[in-house]
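For reference, the structure discussed in these notes is given below.
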Amino acid sequence: RWEKGYFVSDLVFGRWRYSEMKKKVENMWTLKRTDALVIEDKSSGQEIIQDLQDESSLPVLPTDPDFSKLDKVARANLVQPLFEAGKIYYHAGAEWSAEMEEECAAFPRGIHDDIVDAIVHGIRWLEMHDPRKQAAQEDAEESERGMEEGL
């Protein structure tokens, strides 16, 4: 996240066996050192979350369970305004950008939608945990309490 919106800095996708997928997650964190590794709390993601929380000190967090209960189209619709407002950025020349663009353009009728879903989950998590928004929410709540006390 940055002042203009959200930036997709890297994307790794593919079909791997569990052990390979777990290793990829660990390697990506070693390279990027993010504040959190947000993993969808479904299917093999549940096992990776548990294993990494048990075996490592990586900042592994599950996705929002209520958000995950929605279907992929409903989830995408919740972050679509950010795309429409031009708040989502990425490296247009990155080796993965063409595949991401194709999948996003074909969504929801495309053959694959895992890239879209991963980006949507990431953006939603960032939106829910954005300290700027949390500070604004706290300020609004404080103002509201002040107004109530003043009445």
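Since the model is a prediction, treat every value here as computed from it, not as a measurement.
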Measuring from atom CE of Met21 to atom CD1 of Ile48, what distance do you get when rounded to the nearest 0.5 angstrom?
4.0 Å

Looking at side-chain heavy atoms only, is the closest gap between Met100 and Ile119 below 4.5 Å?
yes

Fit a plane to each ring of Tyr89 and Phe7, take the angle between them on a 0 to 90° scale, and name the class: parallel (under 30°), tilted (30 to 60°) or perpendicular (over 60°).
parallel

Could you list the residues that satisfy ring-ring contact (aromatic ring centres under 6.0 Å, His included) with His112, not counting sequence neighbours?
none

Donor-acceptor contact present, side-chain Glu40 to main-chain Gly45, <3.5 Å
no

What residues form a side chain to side chain contact (heavy atoms under 4.5 Å, CB included) with Ala74, not counting sequence neighbours?
Leu70, Asp71

Same apolar cluster: Ile49 and Phe67, side chain cutoff 4.5 Å:
no

Side chain Ser56, main chain Leu58, donor-acceptor under 3.5 Å:
yes

Shortest non-hydrogen pair, Asp35 vs Pro59, comes out as O-CB, 3.3 Å

Applying side chain to side chain donor-acceptor pair (under 3.5 Å) to Trp16 and not counting sequence neighbours gives none

Any heavy-atom pair between the side chains of His91 and Ser97 that's under 4.5 Å?
no

Distance only, no hydrogens: is a donor on one side chain within 3.5 Å (strictly under) of an acceptor on the other, for Tyr18 and Asp51?
yes

Residues in side chain to side chain contact (heavy atoms under 4.5 Å, CB included) with Asp54, at least two apart?
none

Within the structure provided, determine whether Ile39 and Thr63 are in side-chain contact (heavy-atom separation under 4.5 Å).
no

Could I get the full list of salt bridge (charged side-chain N to carboxylate O under 4.0 Å, His left out) partners for Arg15, not counting sequence neighbours?
Asp114

Where do Glu47 and Lys42 land on the salt bridge (charged side-chain N to carboxylate O under 4.0 Å, His left out) test, with the steps shown first?
CA-CA 9 Å; Glu47 192 174 351; Lys42 285 186 174 179; over 6 Å; no

Phe13 and Val120: same hydrophobic cluster, using ILVMFWY side-chain contacts below 4.5 Å?
yes

Are Ile115 and Glu99 close enough, and set up right, to give a side chain to side chain contact (heavy atoms under 4.5 Å, CB included), and what steps lead you there?
CA-CA 9 Å; Ile115 293 172; Glu99 184 132 5; 3.9 Å; yes

Not counting sequence neighbours, which residues clear ring-ring contact (aromatic ring centres under 6.0 Å, His included) with Phe107? List them please.
none

Not counting sequence neighbours, which residues clear side chain to side chain donor-acceptor pair (under 3.5 Å) with Asp117? List them please.
Arg75

Can you name the side chain to side chain donor-acceptor pair (under 3.5 Å) partners of Asp41, sequence neighbours left out?
none

Shared ILVMFWY cluster between Val8 and Leu78, side chains joined below 4.5 angstrom?
yes

Just wondering, do Leu37 and Leu61 contact through their side chains at under 4.5 Å, heavy atoms?
no

Glu84: which residues meet the side chain to side chain contact (heavy atoms under 4.5 Å, CB included) condition with it, sequence neighbours left out?
Gln80

4.5 Å side-chain heavy-atom contact, Lys69 and Asp66:
yes

Step-by-step ring-ring contact (aromatic ring centres under 6.0 Å, His included) determination, His121 to Trp125
CA-CA 6 Å; His121 270 289; Trp125 190 90; over 10 Å; no

Check the pair His129, Arg124 against side chain to side chain contact (heavy atoms under 4.5 Å, CB included), reporting the backbone distance first and the verdict last.
CA-CA 9 Å; His129 296 87; Arg124 175 65 175 193; over 6 Å; no

The reported gap from CD in Glu101 to CH2 in Trp96 (rounded to nearest 0.5 angstrom) is 9.0 Å

How far does CD of Glu127 sit from OH of Tyr6, to the nearest 0.5 angstrom?
3.5 Å

Do Val12 and Leu126 share a hydrophobic cluster (ILVMFWY, side-chain heavy atoms under 4.5 Å, transitive)?
no

With sequence neighbours left out, write down each residue that passes side chain to side chain donor-acceptor pair (under 3.5 Å) with Asn77, or none if nothing qualifies.
none

Please set out all donor-acceptor pairs under 3.5 angstrom arising from side-chain atoms of residues 23-32, sequence neighbours excluded.
residue	atom	partner	partner atom	Å
Asn27	ND2	Lys23	O	3.4
Trp29	NE1	Thr34	O	3.2
Thr30	OG1	Glu26	O	3.0

Considering residues at least two apart in sequence or located in another chain, which fulfil the salt bridge (charged side-chain N to carboxylate O under 4.0 Å, His left out) criterion with Glu95?
none

